[in-house]
K.L.:
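Can you keep this structure in mind? I'll have questions shortly.
Below, chain A is the first sequence line, B the second, and so on; all start at residue 1.
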Amino acid sequence: MSLQLTNTFSGKKEKFVSLVPNLVRFYLCGVTVYDYCHLGHARAYVSFDMVRRYLMHRGYDVKFVQNFTDIDDKIIKRAHEAGQDYQALSKQFIEAYHEDIDRLFVLPATLYTNATDYIVQMQDMIEGLIASGHAYIAGGDVCFSVENFKEYGKLSKKVLDDLISNMRVESSDAKRSPADFVLWKAAKPDEPFWESPWGKGRPGWHIECSAMAMDALGETIDIHAGGEDLMFPHHENEIAQSESFTGKRFAKYWMHNGFVTINHEKMSKSLHNFIRIRDVLEKVDGESLRFYLLRVQYRNPLHFSEPGLKESQQSLARLREAVITHDRSETPNFPEAITHLKEKFYAAMDDDFNAAEAIGVLFEMLRVVNTTSQGAHVLYELGQVLGLFNDLDKTESVSDEIEALIEARQQARASKNFAESDRLRDELRDVHGVVLEDGAGGVRWKRVG
RNA sequence: GGCGGCGUAGCCAAGUGGUAAGGCCGAGGUCUGCAAAACCUCUACCCCCAGUUCGAAUCUGGGCGCCGCCUCCA
């Protein structure tokens with residue numbers, strides 16, 4: 001069985017073969033840091049974390065590079081509004097990114113790259129593109145000439161003429177073609193700038209990812225990923241400038257995740273309908289949110305709903321219970337069904353990282369584990385492949401008061417004073433949020449949220 | 001207008017040619033002092049119409065409804 005993934009470049013599922021055996025060079029487009037991350041970001045980073053973990057599980061060494069766009073118009077605007085230095089603003093939101101995303105059990109990237117640390121590499125690339133006639137100077141700007149890249153539109157399947165006829169041409173625009181995009185942008189007064197052969201300015205958005213991906217991973221990488229909305233123009237432009245510069249294919253596989261929608265609309269910064277990750281994490285723990293996001297195949301739209309999120313929390317708790325309750329040490333003998341289900345799990349993951357299906361398999365396995373008390377270690381291992389079952393051994397404690405109530409209830413129950421024991425059980429549940437379960441091995445307590 | 005995607009049970013959601021995974025909710029049951037947890041059982045004319053095929057949720061054509069990209073957005 002071999003690993004297949006949907007390459008949005010071809011629009012088809014393809015067998016995954018890395019350029020160098022056992023190594024995957026993976027570049028993921030990060031965020032522009034001028035605001036807090038929302039659920040759309042959460043989905044992208046959780047999805048590709050899942051992809052990365054599975055590749056690692058299959059034995060690949062994954063070099064995972066992710067950027068922060070820490071200079072751009074919106075950052076400058078926000079910083080200006082806040083009367084703040086743009087660097088302070090971007091730093092603040094980079095920190096916020098880590099705070100939020102870490103709580104979703106996303107592994108840290110092998111390398112995080114900040115756009116402003118790669119000005120030199122970007123300028124080198126721009127110079128090269130000007131020299132080869134792929135870019136031109138227009139006032140203080142440098143633009144990429146789309147018409148000189150014959151394959152423009154090959155990723156997003158757009159036809160250049162259609163694109164151009166759809167664009168409003170602004171008379172003041174110095175671009176030769178309306179589809180051309182800016183590689184270097186002249187600084188207006190009061191804007192941050194870097195010195196360059198073309199005057200004071202800052203890099204355009206697209207050039208950073210090309211420069212950073214190449215610097216960190218090489219001219220041709222294995223996987224380049226991001227949200228569906230980045231396909232055009234961002235990734236299309238990355239291809240155009242990178243391939244014009246090197247003459248080589250930029251990325252072998254392109255992966256794009258589907259949107260998170262809310263009220264049937266895309267959740268986005270510009271529509272102002274986004275829900276911040278940190279706000280959701282007030283209501284539900286990070287692993288539950290992660291689980292919720294993984295329950296829909298990564299390419300499909302995910303319609304966010306709070307009841308759905310609560311449902312995920314509840315069902316994840318069942319999986320966690322099983323792994324906590326049953327012996328997780330490896331045993332040589334376990335039911336045949338477990339082996340079969342493990343294969344089914346891998347088949348699902350091999351088929352374009354279908355975590356949604358794989359989770360279904362986990363629930364089938366759950367039943368076997370709960371009925372036979374065997375195979376919990378396999379369930380645990382597979383859940384961990386998806387980044388689940390974190391902090392299982394974190395021991396919770398209850399106050400002395402609750403401890404005493406539990407003890408009193410046990411005494412009442414032992415002396416068959418059921419009225420009193422039930423009263424105490426209800427009190428613990430309703431007043432203290434602690435639910436008791438009488439099992440063969442004595443009473444267990446559990447917090448309910 | 002161009003390009004792409006989606007429509008599966010009360011809700012969420014896999015499945016892309018072999019006769020519908022899984023979760024939540026609901027009903028019944030086993031266990032339990034009663035519960036809880038766990039387990040068992042039950043719940044789908046796969047948006048509509050036509051076609052291809054021995055066989056279609058899956059392929060083709062035509063509808064209807066919804067969404068996305070084409071401007072910054074994961």
Side-chain angles (χ1 to χ4, degrees), chain A residues 8 11 13 28-32 34-35 37-48 69 72-74 77 153 156-159 161-168 178-179 205 225-234 236 256-261 264-271 274 291-292 295-297 299-303 305 307-319 321-322 325 344 348 351 354-373 413 416-419 421-422 425-426 429 435-440 443-446 448:
Chain A
T8 33
K13 275 184 198 170
L28 176 62
C29 282
V31 284
T32 301
Y34 67 92
D35 206 340
C37 289
H38 57 66
L39 290 173
H41 299 114
R43 187 179 192 200
Y45 301 113
V46 166
S47 293
F48 292 115
T69 299
D72 108 309
D73 291 355
K74 283 186 178 143
K77 185 166 171 260
S156 57
K157 316 289 182 283
K158 294 189 188 302
V159 178
D161 289 345
D162 295 344
L163 271 174
I164 291 169
S165 61
N166 263 327
M167 288 173 170
R168 272 184 322 181
W205 176 35
E228 220 173 15
D229 47 358
L230 297 183
M231 193 152 99
F232 188 89
H234 187 54
E236 194 69 60
H256 294 95
N257 68 277
F259 297 131
V260 174
T261 62
H264 273 89
E265 272 185 329
K266 177 189 170 189
M267 182 179 289
S268 76
K269 289 180 187 171
S270 41
L271 289 172
F274 58 88
F291 183 69
Y292 174 70
R295 287 187 64 188
V296 177
Q297 213 280 347
R299 283 182 293 107
N300 291 343
L302 187 157
H303 308 292
S305 82
L309 182 65
K310 288 284 179 191
E311 180 199 311
S312 286
Q313 182 181 37
Q314 203 176 325
S315 52
L316 173 64
R318 287 183 62 215
L319 290 171
E321 263 310 286
T325 315
K344 213 170 149 187
D351 184 11
N354 197 336
E357 191 179 340
I359 286 170
V361 177
L362 254 32
F363 279 101
E364 290 183 69
M365 195 177 283
L366 169 74
R367 221 176 306 140
V368 179
V369 171
N370 278 334
T371 45
T372 65
S373 291
R413 190 163 173 258
K416 303 215 187 288
N417 184 353
F418 295 123
S421 103
D422 290 353
R425 185 171 63 193
D426 290 348
R429 184 192 61 210
V435 164
L436 300 186
E437 292 174 8
D438 300 318
V443 68
R444 297 181 64 231
W445 62 266
K446 196 163 74 170
V448 289

K.L.:
Considering only B/rG33, B/rG1, B/rG23, which nucleotide approaches the side chain of A/Asp422 most closely?
P.N.:
B/rG33
K.L.:
Nucleotides 18-20 of chain B: which of its N/O atoms have a protein N/O under 3.5 Å away?
P.N.:
none

K.L.:
B/rG7 and B/rA13: how far apart are their C1' atoms, nearest whole angstrom?
P.N.:
13 Å
K.L.:
Does A/Thr32 have any side chain to side chain donor-acceptor pair (under 3.5 Å) partners at least two apart in sequence or in another chain, and if so, which?
P.N.:
none
K.L.:
Report the nucleotide, chosen from B/rA74, B/rA14, B/rG23, that has the shortest atom-to-atom distance to any side-chain atom of A/Val296.
P.N.:
B/rA14
K.L.:
Enumerate all atom pairs, one protein N or O and one N or O from nucleotides 35-39 of chain B, separated by less than 3.5 Å.
P.N.:
{"unit_1": "B/rA35", "atom_1": "N6", "unit_2": "A/Asp438", "atom_2": "O", "d": "3.0"}
{"unit_1": "B/rA35", "atom_1": "N1", "unit_2": "A/Asp438", "atom_2": "N", "d": "3.0"}
{"unit_1": "B/rA35", "atom_1": "N1", "unit_2": "A/Asp438", "atom_2": "OD2", "d": "3.4"}
{"unit_1": "B/rA35", "atom_1": "N3", "unit_2": "A/Arg425", "atom_2": "NH1", "d": "3.0"}
{"unit_1": "B/rA36", "atom_1": "N1", "unit_2": "A/Asp438", "atom_2": "O", "d": "3.4"}
{"unit_1": "B/rA38", "atom_1": "OP1", "unit_2": "A/Arg318", "atom_2": "NE", "d": "3.2"}
{"unit_1": "B/rA38", "atom_1": "O3'", "unit_2": "A/Asn370", "atom_2": "ND2", "d": "3.0"}
{"unit_1": "B/rC39", "atom_1": "OP1", "unit_2": "A/Asn370", "atom_2": "ND2", "d": "3.2"}
{"unit_1": "B/rC39", "atom_1": "OP2", "unit_2": "A/Arg318", "atom_2": "NH2", "d": "3.3"}

K.L.:
Of the nucleotides B/rA14, B/rC3, B/rG22, which one has an atom closest to the side chain of A/Asn354?
P.N.:
B/rA14
K.L.:
The side chain of A/Thr32 is closest to which nucleotide in this list: B/rA74, B/rA13, B/rC3?
P.N.:
B/rA74
K.L.:
Name the pairs: protein N/O against N/O of nucleotides 65-69 of chain B, kept only if under 3.5 Å.
P.N.:
{"unit_1": "B/rC69", "atom_1": "OP1", "unit_2": "A/Lys266", "atom_2": "NZ", "d": "3.1"}
{"unit_1": "B/rC69", "atom_1": "O2", "unit_2": "A/Lys158", "atom_2": "NZ", "d": "3.3"}

K.L.:
Has A/Glu228 got a side-chain atom pairing as donor or acceptor with A/Gly258's backbone, closer than 3.5 angstrom?
P.N.:
no
K.L.:
Looking at residues at least two apart in the chain, or sitting in another chain, which of them share a side chain to side chain donor-acceptor pair (under 3.5 Å) with A/Glu357?
P.N.:
A/Asn354
K.L.:
Only counting residues at least two apart or in another chain, list the ones meeting side chain to side chain donor-acceptor pair (under 3.5 Å) with A/Glu321.
P.N.:
A/Arg444
